[in-house]
Number of protein chains: 2
Amino acid sequence: MLKPIERRSLADAVYEQLRDAIVSGDLEPGSSLPSERQLREQLGVNRGALREALKRLEEARLVRIRHGGATEVLDFREHAGTSLLEDLLVAPDGSVRTRVARGVIEMRAALAPDIARLAALRGGPDCTERLAEQLVALREADGVLNQQRVALEFWATLVDASDNLAYRLAYNSLREGYVRFMHLLSPVLADEVGDVDAYQSIADAVAAGESEAAYDQAKALLARGTGTMTALMDAVGRQQTETP
Amino acid sequence: MLKPIERRSLADAVYEQLRDAIVSGDLEPGSSLPSERQLREQLGVNRGALREALKRLEEARLVRIRHGGATEVLDFREHAGTSLLEDLLVAPDGSVRTRVARGVIEMRAALAPDIARLAALRGGPDCTERLAEQLVALREADGVLNQQRVALEFWATLVDASDNLAYRLAYNSLREGYVRFMHLLSPVLADEVGDVDAYQSIADAVAAGESEAAYDQAKALLARGTGTMTALMDAVGRQQTETP
DNA sequence: GAGGTCAACTGGTATGACCAGTTGGCCGGA
DNA sequence: TCCGGCCAACTGGTCATACCAGTTGACCTC
């Protein structure tokens with residue numbers, strides 16, 4: 001099974017390097033970045049590529065650029081948005097930050113019940129139909145990884161039915177980080193995605209418009225993965241007491 | 001009361017224009033953008049500024065750039081992350097999109113109880129202390145707007161205590177859009193931020209480590225704003241049936 | 001000491017050239 | 001006819017250089 005070669009433009013490489021330096025604390029919040037001309041030279045790239053990277057850092061609220069003044073490093077905990085989550089999920093050395101992953105799992109568990117509730121209130125017949133199809137696919141899926149994939153689609157259907165753009169965008173953000181490490185979370189979520197009956201219950205409640213039932217069913221289902229994750233973290237112990 | 005003059009670089013202006021064109025559907029998903037040389041000429045800017053804007057669009061997952069190939073417009077509903085939320089909250093003409101605002105209010109209500117719950121489980125004495133200070137400030141605050149501001153800080157304390165980076169980043173993202181239109185939401189949230197006793201109850205539960213109580217109290221408090229928002233949308237009716 | 005001036009920074013914009021990857025049509029051989 | 005390589009004409013990526021525009025702080029004047 002071959003994987004597509006991932007490419008990185010110079011601007012991307014510069015962005016990643018500066019981002020990691022900021023997130024790791026090597027560049028302290030409140031301090032100033034060297035001037036673009038100096039940075040350009042240190043990094044060995046042209047100023048245009050550097051500026052593209054700086055613009056992205058500004059967009060992510062990791063730095064604050066002022067025309068005529070210095071470029072200031074910001075505290076990412078204070079200012080950065082959800083877009084940073086997928087970057088923080090994996091450390092520069094490639095390992096997954098368990099602490100961050102736990103946070104994602106918890107957030108997922110907090111949002112999912114309300115998504116199911118709203119889907120029950122606002123979903124139409126096309127939603128019901130899609131859920132039915134995906135339940136069939138879920139039953140037929142072989143292997144935890146494929147089950148995870150179908151479950152992801154199942155939730156996408158509910159998110160769309162909830163008619164809530166904030167949920168849709170949050171779903172996209174979480175998914176972005178999730179798919180990259182889906183295989184690592186397989187043991188954590190195997191229990192959850194294997195319980196097709198629970199998904200069936202949610203789909204039934206949504207189809208019937210029973211919002212509270214949908215809420216409760218979703219909450220019960222997600223609690224499994226969350227519990228497994230918490231237990232796993234307790235077992236592994238403290239290998240992540242430092243930043244971030 | 002004077003306001004600071006907001007500046008826009010060329011790259012920012014280009015970004016906003018292209019973003020609005022994509023979000024509004026003028027640039028259809030799947031279609032290709034003109035080449036950088038053509039766009040540069042149409043917009044009357046240099047290629048560097050245009051490329052900085054395109055890089056940001058790519059970061060926001062509104063377009064997909066391929067070296068040697070065309071730049072493709074993506075479906076923002078399918079790919080964009082939470083960072084787009086603050087942009088979508090306000091239409092190009094400056095009005096607030098009620099539908100999007102409702103989504104934000106709902107998401108807030110879904111996250112807050114779990115944040116309070118985790119804060120109760122993981123918060124330390126410094127959290128308790130800060131909450132006490134903020135409660136004093138909340139009682140002393142005059143005007144709904146100031147109450148909203150203090151309440152925002154109150155929640156920031158809880159978010160930090162929850163020791164969940166995903167929540168912190170989501171909080172930052174939501175806050176970004178919220179503060180810009182805080183005054184418009186004053187009537188919606190006046191009831192909520194005025195009930196200092198409810199905040200007191202949450203703080204007490206968190207200080208005592210009673211996670212379920214904190215959860216319930218937060219849920220009850222947030223339900224007010226959510227209910228008002230829903231009622232408001234029903235009253236105003238359908239002026240937002242179209243995109244997005 | 002208050003206030004204005006100015007030089008030496010900073011980032012912002014502009015131009016033109018060339019490098020690198022993609023696409024599709026053309027052309028020669030099987 | 002069809003397959004294959006080849007090549008020209010796109011596309012985005014990188015580069016060097018110059019100059020414009022805003023900020024800062026030292027200095028000078030009153």
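Proteins get letters first, then strands, A, B, ... in listed order; numbering begins at 1 in each. Just so it is clear, the values below take in all heavy atoms, side chains as well, and ignore hydrogens, waters and symmetry mates.
The side chain of B:Ser9 places no N or O atom within less than 4.0 Å of a non-bridging phosphate oxygen (OP1 or OP2) of C:dG11. Applying the 4.0 Å criterion to OP1 and OP2 of C:dT10, one finds that A:Ser35 has a side-chain N or O inside that range. One finds no side-chain N or O of A:Thr71 lying less than 4.0 angstrom from the OP1 or OP2 phosphate oxygen of C:dT10.
Between the side chain of A:Ser173 and the main chain of B:Thr82, a donor-acceptor pair closer than 3.5 Å is present.
Going from atom CZ of A:Arg51 over to atom C1' of C:dT13 covers 8 Å, rounded to whole Å. Look at CZ on B:Arg66: it is 10 Å from C1' on D:dT11, rounded to the nearest Å. Atom CZ of B:Arg47 and atom C1' of C:dG12 are 18 Å apart (whole Å). With rounding to whole Å, A:Asn46 atom CG is found 16 Å from C:dC18 atom P. As a whole-Å value, the separation of A:Leu10 CG from D:dG12 C1' is 13 Å. Taking atom CZ of B:Arg7 as the reference point, atom P of C:dT13 lies 12 Å away to the nearest angstrom. Atoms CZ (A:Arg8) and C1' (C:dA20) sit 18 Å apart, rounded to a whole Å. Between the CZ atom of A:Arg64 and the P atom of C:dG12 there is a distance of 13 Å, given to the nearest Å.
Rounding to the nearest 0.5 Å places CG of B:Asp75 at 11.0 Å from CD of B:Glu28. To the nearest 0.5 angstrom, A:Leu111 atom CG is 11.0 Å from A:Leu118 atom CG.
Between A:Glu52 and A:Ala70, the one whose closest nucleotide on DNA chain D sits nearer the 5' end is A:Glu52.
If you check every strand for non-hydrogen atoms under 4.0 Å, A:Gly48 touches nothing.
Ion pairing between A:Arg99 and B:Asp163 holds under the 4.0 Å rule for side-chain N and carboxylate O. With respect to A:Lys55 and A:Glu58, a salt bridge is recorded, a charged nitrogen being found less than 4.0 Å from a carboxylate O.
Counting atom types as modelled, B:Arg37 pairs a side-chain N or O with a base atom of D:dG12 as donor and acceptor under 3.5 Å. For B:His67 against D:dG12, a side-chain N or O and a base N or O form a donor-acceptor pair under 3.5 Å.
Considering only the side chain of A:Val45, D:dC15 comes nearest among D:dC15, C:dG11, D:dG13. Of the listed nucleotides (D:dT24, C:dT15, C:dG11), C:dT15 has the atom at the smallest distance from the side chain of B:Arg40.
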